[in-house]
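Atoms within each ligand, like the ligands themselves, are counted from 1 in listed order. Residues take their numbers from the sequence shown, with the count starting at 1.
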Amino acid sequence: MLKDGWEARKVVVVGAGAVGSTFAYALAQSGLAEEIMLLDANQELALGQVLDPAHGLPYYPAVNISVGDRADYQNADVIVITAGAKQKPGQSRLALLQRNAAIIEEIVDDIVAQGSEGIIVVVTNPVDVLTHLAHTRSSWERGRVIGSGTVLDSARFRYLLSKQCNVDVHNVHAYVLGEHGDSEVAAWSMTHIGGMAVDDYCEKCGGCEGWEKVKRDIEGAVKRSAYHIIDYKGATNYAVGLTLVRIVGAILRNERSVLTVSVPLEGEYGLRDVSLGVPSIVSRDGVEHIMEASLSTDERESLIASASILQESIQELERSR
Ligand SMILES: NC(=O)c1ccc[n+]([C@@H]2O[C@H](COP(=O)([O-])OP(=O)(O)OC[C@H]3O[C@@H](n4cnc5c(N)ncnc54)[C@H](O)[C@@H]3O)[C@@H](O)[C@H]2O)c1
């Protein structure tokens with residue numbers, strides 16, 4: 001029970017599939033929100049995804065989990081969009097993009113129509129293109145519409161480095177930038193273990209042969225993670241669910257955390273007319289500040305190449321409409 005005058009922190013999750021429902025479950029257990037509303041085009045699915053975790057409420061921090069509707073956008077602190085269509089056999093990448101773009105636009109129109117003052121977090125893939133579209137469609141100020149970007153990829157990168165170096169993952173600081181996808185960039189120049197630049201750490205540790213090759217292998221493994229998991233079990237949901245708790249928690253608690261969320265660039269890194277994952281300060285206002293890291297020449301070129309791929313996708317979508 002909330003004390004009088006205490007405002008419940010409210011999160012609306014649009015899309016109650018594998019990602020939306022796992023995020024809602026993880027968020028409920030985190031104690032970061034008092035109200036969690038799930039919406040889905042499939043009403044029965046939404047109800048099932050609410051009732052199942054709700055029956056565990058005696059064992060959670062106090063939280064209300066319910067099926068929501070559009071009116072819930074109005075006073076939501078954060079709206080997380082995981083709604084999307086799955087690729088049908090024979091469907092082109094562009095056709096799927098068009099379908100998901102239409103879904104995102106419809107949801108954003110509803111959020112704007114409700115006069116929401118919350119923050120939108122887009123998760124649906126291709127997340128960078130759809131974040132860009134959602135931001136443009138909303139006409140909201142930059143920073144209030146963000147994408148989950150490469151926060152998940154950065155977690156995968158940290159995990160693999162911690163395994164390779166046999167160090168607690170919490171002492172590994174590492175970031176993946178750019179597209180959440182094949183052109184993403186592992187920013188080795190920003191990678192530290194216990195405060196030491198990773199190359200220095202490796203030299204002093206002396207624990208592995210052929211460090212440059214190991215680095216390329218780790219980068220490749222981060223990129224391929226989602227493909228493998230989807231082959232094995234049909235979807236990725238747990239790590240992305242926790243990633244979303246991290247992003248949403250930073251917003252709800254005004255943490256000013258450095259996270260590589262996807263955000264529209266306006267000249268940072270020499271880029272504009274594109275949204276992609278860059279280290280950003282995330283607070284109650286969404287993205288409060290974009291950090292311009294001093295990348296190596298190779299990393300900067302790779303980031304520009306990643307942005308070009310995303311810009312082509314945005315333009316292809318615009319041309320097709
Ligand atoms: N950005 C990331 O890091 C990341 C990671 C994993 C998955 N994803 C993406 O998240 C999305 C969801 O994945 P999933 O595995 O949960 O898929 P899913 O098919 O299990 O769930 C999607 C849900 O969206 C619902 N939906 C469709 N149109 C809707 C609408 N207009 N309004 C409300 N609900 C609607 C569907 O009924 C379905 O329940 C996919 O696009 C996936 O690629 C992103």
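- S262 and S275 share no side-chain donor-acceptor pair at under 3.5 Å.
- Crowding of R144 atom CZ: a count of heavy atoms from other residues, nucleotides or ligands under 6.0 Å exceeding 12.
- Remark: W188 engages F157, W211 in a ring-ring contact (aromatic ring centres under 6.0 Å, His included) (not counting sequence neighbours).
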Atom pairs and distances, side-chain donor-acceptor, residues 96-107, under 3.5 Å, sequence neighbours left out:
from	atom 1	to	atom 2	distance (Å)
Q98	NE2	S320	OG	2.9
N100	OD1	A85	N	2.7
N100	ND2	N125	O	3.3
E105	OE1	R321	NH1	3.4
E105	OE1	R321	NH2	3.1
E105	OE2	R321	NH1	2.9

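- Applying the side-chain contact (heavy atoms from CB on, under 4.5 Å) rule to L57 yields the partners A54, Y60, V63, I65; only residues at least two apart in sequence or on another chain are considered.
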For ligand 1, run through the N/O pairs with the protein that fall under 3.5 Å and put one pair on each line.
from	atom 1	to	atom 2	distance (Å)
ligand 1	1 (N)	V123	O	3.0
ligand 1	1 (N)	S148	OG	3.0
ligand 1	3 (O)	H180	NE2	3.3
ligand 1	8 (N)	N125	ND2	3.4
ligand 1	16 (O)	A18	N	3.1
ligand 1	16 (O)	V19	N	2.8
ligand 1	19 (O)	K86	NZ	3.4
ligand 1	20 (O)	A18	N	3.0
ligand 1	24 (O)	G84	N	3.2
ligand 1	34 (N)	A41	N	3.1
ligand 1	37 (O)	D40	OD1	2.6
ligand 1	39 (O)	D40	OD1	3.4
ligand 1	39 (O)	D40	OD2	2.7
ligand 1	41 (O)	N125	N	3.1
ligand 1	43 (O)	N125	ND2	2.9

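- E184 and K223 are not joined by a salt bridge, as no carboxylate oxygen comes within less than 4.0 angstrom of a charged side-chain nitrogen.
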